[in-house]
2 protein chains.
Amino acid sequence: MEQRAAQRSGAVDKRRQILDAAVTVFARQGFHATRVSDIADEAGVAYGLVYHYFNSKDQVLNELFLERWSLLLAAIEEAEKTDASHRDKLGACAGFIFESYRHDPRLMKVIIVEVTRAANSFGRTHLEEIRRAYAGIARIVADGQEAGEFRADIDPRFASQAFYGAIEQLLTEWIFDDVEVADARFEEARNLLVTTICDGLEPR
Amino acid sequence: MEQRAAQRSGAVDKRRQILDAAVTVFARQGFHATRVSDIADEAGVAYGLVYHYFNSKDQVLNELFLERWSLLLAAIEEAEKTDASHRDKLGACAGFIFESYRHDPRLMKVIIVEVTRAANSFGRTHLEEIRRAYAGIARIVADGQEAGEFRADIDPRFASQAFYGAIEQLLTEWIFDDVEVADARFEEARNLLVTTICDGLEPR
DNA sequence: TGCTCCTGATTGACCCGTCAATCGGTTTTC
DNA sequence: GAAAACCGATTGACGGGTCAATCAGGAGCA
């Protein structure tokens, strides 16, 4: 799965090309409604080549998901390590997710719609990786509680679900609208979230 | 669509039987993975009869969704009308949703997984109804702001997304776990939510 | 009561389009 | 020259939806 072989001389990396094309069509039509031939066409590549690089249509999506999700997990771990306030740590997590959307809205659309929220198909497959993210956020909340920064009477896992759920719902609206989101909105969204949730978590 | 004809003498309402069976199999296998024959088998009814009562497999799901969602919309409107605090109004909305899950977890699973979160298929189809719920919640937030009960520097639509997103994410976890949820957990979940979000919305 | 007719519910075999995946071949590259 | 990359026609499973045939019970009639 990690052969990703050093590409020959000037040849374009067809594999990458296929992955990128897949993002485009998955985002446009949804995973289920895209035929493998759509991916190949979009990539300007022969049908069979998709199967040369991937075992199945599923594997293409898996690869796209893991590629990005591993970055998120790394970002959360990174946030944990800093010595910022716990509020800021949560802000960093939210920031990374919003940033991912800004960086490539279509990829995030695919990940959210086809994996993260797809409880019957890929969501189940990748449950472990997905939950690892929730757990990371929950750890930050728990630490914040121990430090007296957050109120202690709320289950950290509950809090992390609410936090993550709120983020995803905001993104989902942008996804549905399929509208260009101004840069300022990203900052705004992140601040809103951290403000609302973290203020709600503050000790009374 | 509303013929639902006076059923002959002692005959069971086959139509209802089919809908109930559909909930069972959709919840178990997911909409996409269930064949129409699965529904018929589960209902103990012939394949063709499903098409006698419904135009398509899609219509079966639509019916299930609308049946429940219209109750939610009514509940939100109801909450708006009371003269409770706005915090309590939001609590009532969250309460109704959690209550729906308690009442029939499988139906809520189907609605959330196959409609509400299915941005590519039924989510798009029912976008209008879904958004009507968000809008109702946003109205409550806006009213609360006007009454000075909530801070005014947060877009009510943002707040409603965060609120609804948090609820759905909590439910999603229960759905994934597929585990019996103790009654006490429902109360706890509702209180947590209202506490976290509403405290976060309080004026500072 | 017994018979026929009629209506609409019910049945399930079958048609038919749709893809995912395979495979045998050709071209490129080293 | 051989291995890897590339091509796209072909296959075969699969499942939604159709429809002609059957069945059951009520109405009309004598």
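Quick note on labels: first sequence line is chain A, next is B, and so on, each numbered from 1. Computed from heavy atoms alone, side chains included, the values below leave out hydrogens, waters and symmetry copies.
- Contact annotation: B/Lys14 does not reach the phosphate of C/dA9 (side-chain N/O to OP1 or OP2, under 4.0 Å).
- Rounded to whole angstrom, the span from the OH atom of B/Tyr51 across to the P atom of D/dG15 amounts to 12 Å.
- Across its full length, the helix from C/dT1-D/dA30 to C/dC30-D/dG1 shows an angle of 0° between the axes of its 5 terminal pairs at either end, rounded to 10 degrees.
- Taking atom CG on A/Leu49 and atom P on C/dT22, their separation rounds to 15 Å, with Å as the unit.
- Protein atom CG of B/Asp13 is 13 Å distant from nucleotide atom C1' of C/dA9, rounded to whole Å.
- Here B/Phe122 contributes atom CZ and B/Leu64 contributes atom CG; the two are 10.5 Å apart, rounded to the nearest 0.5 Å.
- In this structure, CG of B/Asp58 is placed 16 Å from P of D/dG15, rounded to the nearest angstrom.
- Not a single donor-acceptor pair under 3.5 Å links the side chain of A/Thr82 to the backbone N or O of A/Glu78.
- In this structure, A/His52 does not reach the D/dC6 phosphate: none of its side-chain N or O atoms is under 4.0 Å from OP1 or OP2.
- A heavy atom closer than 4.0 Å to some atom of DNA chain D occurs in A/Val45, A/Ala46, A/Tyr47, A/Gly48, these being the qualifying members of residues 22-48 of chain A.
- Under 4.0 Å is where a charged nitrogen must lie from a carboxylate oxygen, and between A/Asp199 and B/Arg151 at least one such pair does.
- As rounded to whole Å, 18 Å separates atom C1' of D/dT18 from atom CZ of B/Phe54.
- Atoms CD1 (B/Ile18) and C1' (C/dT11) sit 12 Å apart, rounded to a whole Å.
- Between B/Tyr53 and the phosphate of C/dT10, there is a side-chain N or O to OP1/OP2 separation shorter than 4.0 Å.
- Residue B/Arg15 contributes atom CZ, which lies 16 Å from atom C1' of C/dG8 at whole-angstrom precision.
- Here A/Glu80 pairs with A/Arg139 under the salt bridge (charged side-chain N to carboxylate O under 4.0 Å, His left out) rule; sequence neighbours left out.
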Identify each donor-acceptor pair in which a side-chain atom of residues 154-161 of chain A lies under 3.5 Å from a protein atom, sequence neighbours left out, and give them as a table.
{"from": "A/Asp155", "atom 1": "OD1", "to": "A/Arg157", "atom 2": "N", "distance (Å)": "2.8"}
{"from": "A/Asp155", "atom 1": "OD2", "to": "A/Arg157", "atom 2": "NH2", "distance (Å)": "3.1"}
{"from": "A/Ser160", "atom 1": "OG", "to": "A/Tyr134", "atom 2": "O", "distance (Å)": "3.4"}
{"from": "A/Ser160", "atom 1": "OG", "to": "A/Arg157", "atom 2": "O", "distance (Å)": "3.0"}
{"from": "A/Gln161", "atom 1": "OE1", "to": "B/Gln169", "atom 2": "NE2", "distance (Å)": "3.1"}

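- The nearest pair of heavy atoms linking B/Ser100 to B/Arg68 is OG-NH2, 3.2 Å.
- For A/Trp174, the ring-ring contact (aromatic ring centres under 6.0 Å, His included) partners are A/Phe98, A/Tyr101, A/Phe186, not counting sequence neighbours.
- A tilted orientation is assigned to the rings of A/Phe65 and A/His126, their planes being inclined by 30° to 60°.
- Among residue pairs with one or both ends in residues 179-192 of chain B, those qualifying as side-chain hydrogen bond (donor to acceptor under 3.5 Å, both in side chains) are B/Arg102-B/Asp183; sequence neighbours excluded.
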